[in-house]
Protein chains: 2
Amino acid sequence: MNIGEIARRAGVSRSTVSYAISGKRTVSEATRRRIQHVIDELDYRPNANARALKEGRTRTIGLVIPPASRRLTDMQLDFVAAVVDAAAHADLDVLLSPSGGDHDRSFERVVTGRRVDGVILMEIRLEDARVGRLQQAGLPFVGIGRTSHPDGMWWVDIDYTALIAKCVNHLADLGHRHVALINRSAELVAAGYGPAHRALAGFKEAIRRRGITGVDYCCADDSAAGEACLQQILREHPEVTAAATINEAALPGIQRALESAGLTVPGDFSVTGVAASHWAENFRPQLTAADVPALDMGAHAVSLLTECISDPDAAPKHLLLTPPISLRGSTGPARR
Amino acid sequence: MNIGEIARRAGVSRSTVSYAISGKRTVSEATRRRIQHVIDELDYRPNANARALKEGRTRTIGLVIPPASRRLTDMQLDFVAAVVDAAAHADLDVLLSPSGGDHDRSFERVVTGRRVDGVILMEIRLEDARVGRLQQAGLPFVGIGRTSHPDGMWWVDIDYTALIAKCVNHLADLGHRHVALINRSAELVAAGYGPAHRALAGFKEAIRRRGITGVDYCCADDSAAGEACLQQILREHPEVTAAATINEAALPGIQRALESAGLTVPGDFSVTGVAASHWAENFRPQLTAADVPALDMGAHAVSLLTECISDPDAAPKHLLLTPPISLRGSTGPARR
DNA sequence: TTGTAGGCGTTATCAT
DNA sequence: ATGATAACGCCTACAA
């Protein structure tokens with residue numbers, strides 16, 4: 001079922017059908033209706049590939065996600081959902097590419113196959129070969145996250161440094177003198193994962209500023225690790241009275257460890273951090289935390305990408321978000 | 001950068017370049033090397049769209065997911081991840097379409113735009129217009145889930161009827177005489193969501209068989225609803241000593257309600273059901289449950305789809321899984 | 001062993 | 001207001 005068949009049945013030329021569909025030139029009402037009738041009857045839709053070939057653009061964006069083998073965190077999933085929804089809203093299709101390492105067939109296909117007009121890249125490392133690859137290929141892209149030298153690229157990101165510093169300040173204001181940072185996994189830190197490094201930097205700086213002591217721990221992205229991690233903190237640093245975390249998947253485990261240690265929140269121990277609101281609200285009491293506006297960020301990423309596609313030579317734009325910390329019930333004055 | 005440019009620079013014809021790449025006819029070692037050299041130098045890759053247009057197939061599959069506005073459950077996310085990974089493994093790209101209702105632009109684009117060779121459809125209702133739409137379009141597709149008349153389609157599904165019956169039997173064997181089913185949301189039931197209806201059917205049938213009493217409740221897909229739901233059960237049916245659920249997102253709330261009611265698991269109250277192992281293992285004590293093999297199912301769906309694409313006229317194949325119930329710690333003898 | 005040419009389905013530039 | 005025709009980039013029968 002192609003445009004020629006429609007043209008034949010409607011007794012017109014292919015170009016007339018094309019124009020009748022696109023409306024890019026006037027078609028007499030009579031023939032327009034005749035054509036539309038045939039189209040409806042045969043349920044014809046233009047072949048998107050042929051159109052893309054001719055027009056030089058695909059109306060499709062690529063979304064590079066971490067491979068599923070590593071279970072995605074809720075926040076990552078929120079990003080994916082947000083991007084997909086925002087793209088659908090803009091009548092863009094989304095081609096998914098699960099790609100972890102530096103070299104990956106799926107990623108290469110997306111980058112070099114001219115199947116997408118642009119790419120949204122998630123889980124960017126401080127040094128990320130994929131960024132270079134995309135730049136070299138001249139493919140417009142927007143990062144959800146940024147490298148250590150982010151000036152030359154488009155991105156949206158969360159200011160983990162500032163947010164964790166805010167958390168520490170909040171705890172210090174409440175009289176806590178010994179606080180812990182529960183970071184993401186050691187593997188991610190070793191891989192140069194930006195949020196982990198930036199959160200740590202913000203933590204250390206705030207600790208120094210406030211003249212309090214801090215310990216930081218890596219923790220895998222699951223509740224069992226969270227439980228073990230908090231137990232370890234309580235064991236190795238019994239003086240610690242509060243923790244800040246960017247590891248939302250560890251929260252249920254943190255909660256369990258506190259319960260089984262007989263510590264109440266926030267009476268005996270305060271917890272705060274950066275998390276999707278969904279996780280924060282599932283903590284008991286609900287978590288005082290900076291709510292990551294994942295939906296907004298995904299939408300922003302799509303909108304930046306369309307902008308960057310339509311004008312690839314424009315100066316890169318950035319969006320560094322510092323969402324407010326929602327005061328809920330998990331932080332309180334330090335126990336004496 | 002197209003094949004003609006490569007040909008020009010290598011001093012050969014375009015067809016020779018094409019054959020050098022595909023290997024579908026012999027090319028002298030000398031020219032092959034010369035061509036490869038130019039390709040490497042310019043980092044040329046064939047335009048996937050042009051290739052798809054010529055070959056009549058896209059090496060891409062569509063994955064129709066629920067819209068993100070409704071937050072995806074963990075199980076759904078596992079399916080998505082599994083499908084994407086399995087597809088990447090088979091060198092297939094995945095085009096995502098978030099589509100809820102019967103009519104949706106994104107879905108229509110996927111179905112009629114000839115951008116995909118086949119489709120994997122998630123969250124199928126007992127009566128699902130999208131199934132008819134795909135059949136009418138003649139596009140190969142595989143359901144993760146099935147309609148009420150599933151013979152004419154390819155699908156993989158979980159036998160919720162059998163699994164919930166098994167759960168009830170297990171509880172009855174332990175001496176429970178009054179059990180509850182915590183189902184998915186009333187909206188999903190009203191929409192004819194298969195698992196909810198089939199689980200309810202299995203529940204009622206098993207109740208009848210064992211001569212015990214059962215109550216069933218709908219519950220939204222979040223922990224707050226789970227908490228409220230279990231509280232309601234305890235209030236309205238204090239005789240109930242056990243619950244089975246297919247609503248994994250409700251589990252944390254169920255746990256909280258039991259704790260605040262002062263009930264221990266499994267001493268005072270048993271809990272079982274169907275859940276992703278990840279949720280089951282996060283329950284305390286860990287949940288005796290049928291673990292949904294989402295990864296396997298996703299992989300199976302992709303493999304069925306490739307089969308169905310390569311032979312669209314083959315008789316539809318099905319896969320109805322009844323994963324074993326993993327005995328963990330959340331079920332025990334009924335309290336007296 | 002290599003080159004020529006036609007066509008996949010569309011859109012856009014001419015021309016009528 | 002409409003038609004013929006030439007691309008878009010690739011693959012592949014046919015010819016040499």
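Throughout, protein chains are lettered first and strands after them, A, B, ... in sequence-line order, and every chain is numbered starting at 1.
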Starting at [atom1] of [X], measure out to [atom2] of [Y] and round the result to the nearest 0.5 Å.
X        : Y        : atom1 : atom2 : result
A/Asp78  : A/Asp296 : CG    : CG    : 11.5 Å
A/Ser106 : A/Leu95  : OG    : CG    : 7.5 Å
A/Trp155 : A/Leu319 : CH2   : CG    : 8.0 Å
A/Phe107 : A/Leu121 : CZ    : CG    : 6.0 Å

OP1 or OP2 of [N] versus the side-chain N and O atoms of [X]: is any pair under 4.0 Å?
X       : N      : result
B/Asn47 : D/dG9  : no
B/Lys24 : D/dT12 : yes
A/Ser18 : C/dT11 : yes

_Neighbour count above 12 (heavy atom, 6.0 Å) for A/Arg25 CZ_ =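 Check passes, neighbour count above 12.
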Mind calculating the distance between [atom1] ([X]) and [atom2] ([N]) to the nearest angstrom?
X        : N      : atom1 : atom2 : value
A/Leu53  : D/dC11 : CG    : P     : 12 Å
B/Ile3   : D/dC8  : CD1   : P     : 14 Å
A/Arg57  : D/dG9  : CZ    : P     : 16 Å
A/Met1   : C/dT10 : CE    : P     : 10 Å
A/Glu5   : C/dT10 : CD    : P     : 11 Å
B/Arg114 : C/dT10 : CZ    : C1'   : 11 Å
B/Lys54  : C/dT10 : NZ    : C1'   : 15 Å
B/Glu55  : C/dG7  : CD    : P     : 18 Å

Please determine whether a side-chain nitrogen of the Lys or Arg among [X] and [Y] lies less than 4.0 Å from a carboxylate oxygen of the Asp or Glu.
X        : Y        : answer
A/Asp43  : B/Arg133 : yes
A/Arg105 : A/Glu108 : no
B/Arg109 : A/Asp91  : yes

*Start at the 5' end of DNA chain D and walk down; is the nucleotide closest to B/Asn49 or to B/Ser22 reached first?*
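It is B/Asn49, whose closest nucleotide lies nearer the 5' terminus.
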*What do the steps show when you test B/Arg8 against B/Glu5 for salt bridge (charged side-chain N to carboxylate O under 4.0 Å, His left out), and what is the final call?*
CA-CA 5 Å; B/Arg8 208 180 52 71; B/Glu5 180 67 14; 3.1 Å; yes
_Rounded (10°) bend between the five-pair end axes of the helix from C/dT1-D/dA16 to C/dT16-D/dA1_ =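 Taking five pairs per end, the axes differ by 50°.
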*Pull out every residue in residues 33-44 of chain B that has a heavy atom closer than 4.0 Å to any atom of DNA chain D, ordered by number, or say none.*
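DNA chain D contact set from residues 33-44 of chain B: B/Tyr44.
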*asked:* Which heavy atom of B/Ile124 sits nearest to which heavy atom of B/Arg146, and what is that distance?
replied: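 Minimum heavy-atom contact is CG2-C, 3.8 Å.
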*asked:* Is the shortest side-chain heavy-atom distance between A/Val111 and A/Arg130 below 4.5 Å?
replied: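 Side chain of A/Val111 against side chain of A/Arg130, heavy atoms only: no contact under 4.5 Å found.
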*B/Leu96: which of B/Val64, B/Leu63, B/Val83 passes side chain to side chain contact (heavy atoms under 4.5 Å, CB included)*: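 When side chain to side chain contact (heavy atoms under 4.5 Å, CB included) is applied between B/Leu96 and each of B/Val64, B/Leu63, B/Val83, only B/Leu63 qualifies.
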Atom pairs under 3.5 Å: protein N/O with N/O of nucleotides 2-4 of chain C:
| from | atom 1 | to | atom 2 | distance (Å) |
| --- | --- | --- | --- | --- |
| C/dT2 | OP1 | B/Ser28 | OG | 3.1 |
| C/dT2 | OP1 | B/Thr31 | OG1 | 3.4 |
| C/dT2 | OP2 | B/Ser28 | N | 2.8 |
| C/dT2 | OP2 | B/Ser28 | OG | 3.4 |
| C/dT2 | OP2 | B/Thr31 | OG1 | 3.1 |
| C/dT2 | O4 | B/Arg25 | NH1 | 3.1 |
| C/dG3 | OP2 | B/Ser13 | N | 2.8 |
| C/dG3 | OP2 | B/Ser13 | OG | 3.2 |
| C/dG3 | OP2 | B/Thr16 | OG1 | 2.7 |
| C/dG3 | N7 | B/Ser15 | OG | 3.3 |
| C/dG3 | N7 | B/Arg25 | NH2 | 2.9 |
| C/dG3 | O6 | B/Arg25 | NH1 | 2.5 |
| C/dG3 | O6 | B/Arg25 | NH2 | 3.4 |
| C/dT4 | O4 | B/Ser15 | OG | 3.2 |

